[in-house]
S.K.: 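Dropping the structure in here first, questions after.
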Number of protein chains: 2
Amino acid sequence: MKQARPDRTQGKSFVSAQQVADRAGVSRSAVSRTFTDGASVSPTTRKRVLEAAEELGYHVNHLARGLIRDRSNIVSLVVTDINTPYQAAMIEALTRRLQAADKVAMVINSSGQNASVESALRQTLHYRADATIVLSGQPAASLIETCLNNGQHVILVNRDDPVPGPETIMVTNRTAARQAFDMLDRAGCKRLAVIASAVGSASLSARKKAFVAAAEAAGVPVSVTELGPTAYQSGVEAARLVLSRADRPDGVFCVTDLLACGFLDAARNEFGLTVPDELCVVGFDDIEQAGWSSYELTTFRQPIDQIADHVVNLIDHHTQIRQVQEPMRFQTQTVWRKSVRPR
Amino acid sequence: MKQARPDRTQGKSFVSAQQVADRAGVSRSAVSRTFTDGASVSPTTRKRVLEAAEELGYHVNHLARGLIRDRSNIVSLVVTDINTPYQAAMIEALTRRLQAADKVAMVINSSGQNASVESALRQTLHYRADATIVLSGQPAASLIETCLNNGQHVILVNRDDPVPGPETIMVTNRTAARQAFDMLDRAGCKRLAVIASAVGSASLSARKKAFVAAAEAAGVPVSVTELGPTAYQSGVEAARLVLSRADRPDGVFCVTDLLACGFLDAARNEFGLTVPDELCVVGFDDIEQAGWSSYELTTFRQPIDQIADHVVNLIDHHTQIRQVQEPMRFQTQTVWRKSVRPR
DNA sequence: GCCAATTTTGCACACCTGTGCAATTCCGTC
DNA sequence: GACGGAATTGCACAGGTGTGCAAAATTGGC
């Protein structure tokens with residue numbers, strides 16, 4: 001059934017709708033309508049067109065289609081630290097759903113120099129993306145403002161910019177952080193510590209603050225450590241710093257699982273501590289590694305699937321309003337494993 | 001300096017070059033040439049155009065540009081298991097370099113149903129991508145054939161399809177696998193095992209076969225275990241299976257670090273074995289977790305940066321030849337850590 | 001100031017598609 | 001077979017850009 005296509009070794013360009021029309025003996029409009037949902041074509045011509053298209057290897061040029069319609073069906077994902085388990089999982093969930101909705105994801109790596117980020121983000125506008133999804137705290141708010149000014153539909157995930165326009169999706173950071181305190185408190189921890197990072201986003205900052213507030217309200221001493229990027233190595237270094245103190249903590253809340261993994265490894269392998277007997281650790285995100293048997297980390301799961309579902313829903317049903325919107329908040333799910341003593 | 005743009009709340013479409021031309025008092029061609037590299041514009045008009053563009057918030061429409069030129073500056077990355085450390089690192093490296101080359105990455109998630117993969121892969125053709133980079137063994141060869149038939153520039157990474165057309169990039173799998181045997185042999189291991197997966201790609205298969213061949217050539221007994229996908233959990237299950245045997249192996253080669261992490265965890269936490277004294281383990285890829293202090297995995301690093309560099313080079317200098325091409329092979333780098341006894 | 005050589009500019013066409021509108025065809029009914 | 005209504009089809013325009021070509025403007029030299 002599969003027919004060899006006329007070879008394109010001559011550098012001949014792609015097949016156009018006109019060529020299909022000629023071959024099928026119909027007008028170009030008929031070809032266009034055949035590939036347009038809800039357009040009126042008789043079954044006869046539709047069949048002829050499809051056959052001709054198959055023989056010639058025709059594919060609708062989405063560049064031209066996007067030019068005519070207002071929507072390009074491209075969605076930009078702006079993300080830093082792609083090779084971080086949490087972000088990678090987010091990209092996986094989003095690309096899968098976008099494809100199911102006949103859209104396609106354009107990934108913009110916003111790590112690195114701010115200048116290159118800006119030029120990359122401009123691609124969002126260049127390609128007339130249907131929406132821009134910002135997954136990380138990295139790109140400056142001014143760049144987002146640029147997108148908004150150009151009528152871009154911007155969706156912020158786990159950010160907290162009080163600018164008018166973008167829709168915002170968050171997680172119940174404060175509730176979870178308070179619960180983290182409760183868990184450690186009930187486990188009998190007397191000296192608490194929270195491990196964050198130097199470049200943390202608003203989301204991480206909210207977790208940190210809520211934990212500290214809860215501890216102080218309960219009169220439990222708590223120390224705050226923030227160094228390096230939000231990465232495994234930062235957790236290791238934080239552990240070295242914090243655990244070598246005379247009054248080292250016996251309960252630790254790491255605002256990210258990645259930090260928690262580093263902290264746990266250093267605590268066990270460098271300080272010889274046993275978890276959860278001598279030290280309790282709580283993480284955040286529930287990345288895959290948190291479930292690995294070397295960690296068995298008690299943590300809070302971000303409902304990535306729900307978030308991704310909601311994001312693509314937002315893209316479809318979009319009404320342009322430029323006012324500060326109340327963020328949509330998803331509840332985290334507590335995942336009890338073995339890094340905290342059961343009550 | 002930054003000027004507020006005329007508000008677009010009326011749903012007004014994007015700014016076009018014509019509007020910029022009107023405002024700058026020049027022809028539309030002048031605007032087009034201003035934003036085209038190597039075009040002839042006088043400094044005076046260039047300046048006027050840039051000012052008008054800034055004021056109006058003009059952005060070249062890459063859909064229209066791609067329509068005129070043959071190249072859309074979009075590069076498709078076809079990848080399964082995005083939230084796997086190795087693939088995520090690859091995406092990070094590629095997106096970074098593509099952006100530096102003024103291109104943009106379109107990520108196509110080829111996990112899941114084959115039908116949806118096919119429709120997603122079609123996007124590559126719809127958007128007239130400059131090239132398609134296939135990062136995983138998942139999509140069927142027939143889909144790649146479709147891309148090739150449509151004149152797509154296809155680059156295969158760590159695949160081994162003997163079809164004419166695509167350029168192929170590989171890693172010295174066999175050399176590394178043989179070296180893995182040498183490492184275990186010199187460490188004094190007497191009973192070897194290789195852990196692969198049921199859905200392995202050609203690359204993984206090559207590692208497995210080369211290791212087995214080396215072992216058999218040296219007269220050392222070796223068992224092969226292949227179950228489940230290429231994931232942590234498969235490593236755990238393989239360990240449960242293999243280590244509960246009476247003559248359990250004392251030297252194991254996992255064709256992937258992810259498998260090795262699972263194997264190590266199960267070996268230590270479920271069987272109480274000490275590494276590397278009672279068991280030596282070698283992995284492949286050098287994912288980030290291999291360096292975490294719970295694993296300290298001896299492994300082979302894939303030169304991801306070099307591969308990514310080479311890929312974008314291939315995209316730029318592309319001569320269309322439809323013949324089977326010798327794969328470009330990159331050498332892995334041996335990373336000695338602590339999961340194998342030093343000689 | 002004049003002329004030739006070079007640079008710059010504008011016009012018009014091309015790229016490929018979607019769609020409103022009017023003309024045509026089709027179908028069922030009398 | 002005629003006729004009314006519905007479905008289908010083709011025409012022509014629009015969408016935003018790049019670029020060859022000829023006209024215009026600029027530059028340099030004398």
S.K.: Could you state the atom-to-atom distance from CZ of Arg33(A) to P of dC21(C) in whole Å?
M.R.: 13 Å
S.K.: Between dG16(D) and Arg69(A), counting only base atoms on the nucleotide and side-chain atoms on the residue, is there a donor-acceptor pair under 3.5 Å?
M.R.: no
S.K.: Can you check whether any acceptor in the base of dC15(C) is under 3.5 Å from a donor in the side chain of Ser16(A), or vice versa?
M.R.: no
S.K.: Please give, in whole Å, the distance from dG15(D) C1' to Asn61(A) CG?
M.R.: 13 Å
S.K.: Can you check the Arg48(A) CZ to dT9(D) C1' distance for me, whole Å?
M.R.: 12 Å
S.K.: Want to settle it: does Ser27(B) or Phe35(A) sit nearer the 5' end of DNA chain C, counting the closest nucleotide to each?
M.R.: Ser27(B)
S.K.: What about Ser29(B), does its side chain sit under 3.5 Å from the base of dC11(C) through a donor-acceptor pair?
M.R.: yes
S.K.: Quickly work out the Ile68(A) CD1 to dT17(C) C1' distance and round it to whole Å.
M.R.: 6 Å
S.K.: At under 4.0 Å, does any side-chain N or O of Ser32(A) touch on OP1 or OP2 of dG18(C)?
M.R.: yes
S.K.: Look at the side chain of Arg28(A) and the base of dG18(C), then say whether one donor and one acceptor between them are separated by less than 3.5 Å.
M.R.: yes
S.K.: Is Gln99(A) reaching over with its side chain to a backbone N or O of Ile108(B), donor-acceptor style, under 3.5 angstrom?
M.R.: no
S.K.: In whole angstrom, give the distance that lies between atom CG of Asp37(B) and atom P of dT17(D).
M.R.: 16 Å
S.K.: Nearest to the side chain of Ala64(B), heavy atoms from C-beta on, is which of dG18(C), dT17(D), dT9(D)?
M.R.: dT17(D)
S.K.: Using whole Å, what does the distance between atom C1' of nucleotide dG15(D) and atom CZ of Arg128(A) come to?
M.R.: 11 Å
S.K.: Starting at CG of Asp22(A) and ending at C1' of dG10(D), how long is that distance when rounded to a whole Å?
M.R.: 14 Å
S.K.: Side-chain contact test, heavy atoms from C-beta onward, threshold under 4.5 Å: evaluate it for Asn61(A) versus Phe14(A) and give yes or no.
M.R.: no
S.K.: Is there a donor-acceptor pair under 3.5 Å between the side chain of Thr95(A) and the backbone N or O of Ala105(A)?
M.R.: no
S.K.: Nearest-Å distance, OH (Tyr127(A)) to P (dG16(D))?
M.R.: 18 Å
S.K.: Using a 4.0 Å heavy-atom cut-off across all strands, classify Val41(A) as base, sugar-phosphate, or nothing.
M.R.: sugar-phosphate
S.K.: Give one of base, sugar-phosphate or nothing for Ser40(A), where a contact means two heavy atoms less than 4.0 Å apart.
M.R.: base
S.K.: Taking Arg97(A) for the side chain and Ala93(A) for the main chain, is one N or O donor matched with an acceptor at less than 3.5 Å?
M.R.: yes
S.K.: Thr45(A) side chain N/O closer than 4.0 Å to the phosphate oxygens (OP1, OP2) of dT9(D)?
M.R.: yes
S.K.: Quick one: pull up CD in Glu55(A) and CD in Gln19(A) and give me the separation to the nearest 0.5 Å.
M.R.: 13.5 Å
